[in-house]
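To keep things clear, I will list the structure first and then write my remarks on it.
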Amino acid sequence: MSEIKKTYPGQEHYVSEVDETGLGAVDAVRDESAPSSMWGEAWKILRKRPLFWVAAVIIFAAVILAAFPSLFTSMDPKFCELSRSMELPSGKHPFGFDRQGCDIYARTVYGARASVTVGIFTAAAVVLIGALFGALAGYFGGVLDAILSRVTDVVFAIPFLLAAIVVMQLFRDYRATWTVVLVLAIFGWPSIARITRGSVMSVKNEEFVAAAQALGESKWRILARHILPNSAAPIIVYATVALGTFIVAEATLSFLGVGLPPEVVSWGGDISKGQVALRSQPLVLFYPAGALAITVLSFIMMGDVVRDALDPKSRER
């Protein structure tokens, strides 16, 4: 009896001949195309999406602007000359000057620092608080779930932006970047807490969790090592989209005069200052508003493509 090696796409079948007709029985199957992880599959999908690369380039540019604004302009955004008020664009000043005689290009570049910083740190704080509360409520359940769920409902019932405006008015003498981050985080975590709770409740009934329990692992170890990593996909998607939302929230507060102080250069503050010249010189308002819109849109696009890559149902559709 001889052994014939038949190769199929991704597999090697070893068939032992049993008669002259060539019919045989499969003795062993070796699959060389082992399934990759969820993140590996997501990356394969993401790198083929042009929208992902467009959003990634814009986000990378916004982060570089926020971290190293001096690389893109040598002008001081706070240096203003009233004699150059509303001066048109020129070679050294491509965006022109605003009503106070400040270089619009320099202020647009430096405005990324405050807006992006608030968005990133607020999203990080919201994920930390919301994921912690949601994971505890979803995994342990019972009285703890009831208490945390009621606290979440109370905070969730308060209008987000209205609450931020009221609280920022109370800290009128202490307005700073970290004040805005703290206020936005306090009222922004309930949504991600609910998302995390639902994700944890679905994952904790999986077989690998039961196997970990059978092996005697502690509840905290199971939660940290098995459940949270497998519940991270919806959290990451929401955090990506929410980051853009928090940038808009900071700009709204600064536009209304209750966010960052006037001495801090931000897109929201420049939009507020530029509205007075909307009819005579609309470009004064256009540049900071355009930078804000493009940055927020990039985070929303990134959230959409990441959701499609991580959600099998979206991939099927």
Side-chain angles (χ1 to χ4, degrees), residues 62 65-66 69 77-78 80 85-86 95 97-126 129 154-192 241-300:
L65 279 177
K78 298 181 181 180
C80 306
S85 176
M86 307 301 291
F95 293 175
F97 294 84
D98 61 12
R99 194 177 185 86
Q100 287 76 33
C102 306
D103 185 86
I104 299 176
Y105 173 73
R107 292 189 66 86
T108 302
V109 170
Y110 276 85
R113 170 170 289 179
S115 299
V116 174
T117 299
V118 169
I120 291 176
F121 282 96
T122 303
V126 164
I129 299 172
V154 170
V155 181
F156 196 77
I158 303 174
F160 172 70
L161 194 57
L162 179 61
I165 293 173
V166 172
V167 175
M168 286 301 300
Q169 289 282 29
L170 300 177
F171 295 96
R172 200 172 188 85
D173 298 331
Y174 303 97
R175 286 187 296 165
T177 301
W178 303 114
T179 309
V180 177
V181 170
L182 178 62
V183 172
L184 293 179
I186 290 175
F187 296 102
W189 62 268
S191 295
I192 201 166
V241 177
L243 201 154
T245 304
F246 294 133
I247 293 177
V248 172
E250 179 277 320
T252 303
L253 294 176
S254 298
F255 177 83
L256 296 174
V258 296
L260 298 175
E263 59 268 18
V264 176
V265 181
S266 68
W267 289 333
D270 285 356
I271 293 172
S272 179
K273 295 175 183 176
Q275 64 177 333
V276 298
L278 180 59
R279 292 187 177 182
S280 59
Q281 193 70 7
L283 292 180
V284 175
L285 179 64
F286 172 79
Y287 292 117
L292 174 66
I294 292 173
T295 303
V296 173
L297 179 61
S298 66
F299 282 106
I300 294 175

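Nothing fancy with the numbering, it's 1 onward along the sequence.
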Checklist line | Minimum-distance pair of heavy atoms, taken over all atoms of Thr122 and Leu184 | finding: CG2-CB, 3.6 Å

Item checked: Over all atoms of both residues, closest heavy-atom pair of Val116 and Ala66 -> CB-CB, 3.9 Å

What pairs of donor and acceptor atoms, side-chain ones from residues 281-298 against any protein atom, are under 3.5 angstrom apart with sequence neighbours left out?
unit_1, atom_1, unit_2, atom_2, d
Thr295, OG1, Ala291, O, 2.8
Ser298, OG, Thr295, O, 2.5

Check: Of the non-hydrogen atoms in Val109 and Pro69, which two are nearest, and what is the gap between them?
Finding: CG1-O, 3.7 Å

Next item on the list: Any chance you could measure Ile192, atom CD1, to Ile129, atom CD1, to the nearest 0.5 Å?
Entry: 10.5 Å

Next item on the list: Using the side-chain contact (heavy atoms from CB on, under 4.5 Å) rule, take Thr177 and Phe121 through it: C-alpha gap first, then chi angles, then the decisive distance, then the call.
Entry: CA-CA 10 Å; Thr177 301; Phe121 282 96; over 6 Å; no

Notebook entry, point to check: Distance from Trp189 atom CH2 to Phe156 atom CZ, nearest 0.5 Å?
Noted result: 11.0 Å

Check: Do Phe95 and Asp103 have side chains that get closer than 4.5 Å, going by heavy atoms?
Finding: no

Item checked: Pairs satisfying salt bridge (Lys or Arg N to Asp or Glu O under 4.0 Å), at least one member in residues 106-124, at least two apart -> Arg107-Asp270

Item checked: Contact check, side chains of Phe171 and Leu182, non-hydrogen atoms, under 4.5 Å -> no

Item checked: Pairing residues for Asp98 by the side-chain hydrogen bond (donor to acceptor under 3.5 Å, both in side chains) criterion, not counting sequence neighbours -> none

Next item on the list: Taking Ser266 for its side chain and Ala114 for its backbone only, find out whether a donor-acceptor pair lies under 3.5 Å.
Entry: no

Checklist line | side chain to side chain donor-acceptor pair (under 3.5 Å) pairs, two or more places apart, involving residues 158-170 | finding: Gln169-Arg172

Note to self: Does any part of the side chain of Ser85, heavy atoms only, come nearer than 4.5 Å to the side chain of Phe97, both counted from C-beta?
What the structure shows: no

Using residues 243-264 as the side-chain source, report each donor-acceptor pair under 3.5 Å to any protein atom, sequence neighbours left out, with the distance given to one decimal.
unit_1, atom_1, unit_2, atom_2, d
Thr245, OG1, Val241, O, 3.3
Glu250, OE1, Ser115, OG, 3.1
Glu250, OE2, Ser254, OG, 2.8
Thr252, OG1, Val248, O, 2.8
Ser254, OG, Glu250, O, 3.1
Ser254, OG, Leu260, N, 3.3

Next item on the list: Scan for salt bridge (Lys or Arg N to Asp or Glu O under 4.0 Å) pairs involving residues 178-192, sequence neighbours excluded, and state none if there are none.
Entry: none

